[in-house]
Amino acid sequence: DAGVIQSPRHEVTEMGQEVTLRCKPISGHNSLFWYRQTMMRGLELLIYFNNNVPIDDSGMPEDRFSAKMPNASFSTLKIQPSEPRDSAVYFCASSNRGLAGELFFGEGSRLTVL
Amino acid sequence: AQSVTQLDSQVPVFEEAPVELRCNYSSSVSVYLFWYVQYPNQGLQLLLKYLSGSTLVKGINGFEAEFNKSQTSFHLRKPSVHISDTAEYFCAVQGGSEKLVFGKGTKLTVNP
């Protein structure tokens with residue numbers, strides 16, 4: 001079975017550039033989560049979708065970050081403009097039980113902003 | 001609000017030794033508790049979970065955890081570790097309609 005698929009796996013960009021991270025959740029899962037992982041802050045929930053609708057975006061750092069889920073099989077996380085402090089590993093996860101239950105994580109997108 | 005504290009950031013052990021990774025939580029409501037494992041350059045995967053019922057929960061790869069409500073703990077244990085258990089382990093709590101909250105993680109290093 002295909003798991004959560006994220007792309008790109010690695011992205012190196014320069015400050016000020018737009019970055020788009022992509023995620024394909026597991027088929028049949030109705031909840032999708034974007035997390036950011038850094039050494040300093042650990043694992044932070046950025047935004048959570050249920051049935052393609054954003055439910056909680058209180059973790060989105062600032063207006064430079066935006067996320068969309070146009071359909072049940074695709075989501076994007078965009079950073080515009082990017083800054084060096086955005087360097088982190090970004091994980092997408094999906095679930096079929098909303099906030100409760102097991103999250104299935106992708107392998108992550110490692111972003112480096114120079 | 002709920003929170004999770006993983007008491008040890010790093011735990012080094014020798015192969016075949018027992019290990020316990022500690023996790024304490026705080027929540028004003030009943031909780032679900034989870035342990036996730038992250039191998040290098042990979043995403044997290046579920047090791048085990050407590051939703052209700054028996055307080056001793058068995059997971060994959062020989063790990064188990066015990067839910068202790070009075071001590072608000074959910075420590076992870078394995079009687080004999082292997083080199084392949086080297087990874088980072090995350091405790092997580094979810095209570096009521098609140099979102100899942102992860103601890104800072106414990107890096108387990110198993111040495112030969």
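Protein chains get the first letters and strands the later ones, always in sequence-line order, with residue 1 at the start of each. Since we're looking at a predicted model, the values are computed, not measured.
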Hey, could you give me the [atom1]/[atom2] distance between [X] and [Y], rounded to the nearest 0.5 Å?
X       : Y       : atom1 : atom2 : answer
A:Ser82 : A:Phe65 : OG    : CZ    : 9.0 Å
A:Leu32 : A:Ile26 : CG    : CD1   : 10.5 Å
B:Thr72 : B:Leu33 : OG1   : CG    : 9.5 Å

Can you find a heavy atom in the side chain of B:Tyr89 that is under 4.5 Å from one in the side chain of B:Val11?
no
Within residues 102-112 of chain B, residues adjacent to chain A where the heavy-atom gap is under 4.5 Å:
B:Phe102, B:Lys104, B:Lys107
Check for a donor-acceptor pair, side chain of B:Thr55 on one end and backbone N or O of B:Glu66 on the other, with a separation under 3.5 Å.
no
Contacting moiety of [X], where chain B heavy atoms sit under 4.5 Å:
X        : answer
A:Phe104 : neither
A:Glu44  : neither
A:Ser58  : side chain
A:Met39  : side chain

Students often mix this up, so state it plainly: with edges at 30° and 60°, are the rings of B:Phe34 and B:Tyr32 parallel, tilted or perpendicular?
perpendicular
Please work out whether the ring planes of B:Phe74 and B:Tyr50 are parallel, tilted or perpendicular, with thresholds of 30° and 60°.
tilted
Does a side-chain N-to-carboxylate-O contact under 4.0 Å join B:Glu64 and B:Arg77?
no
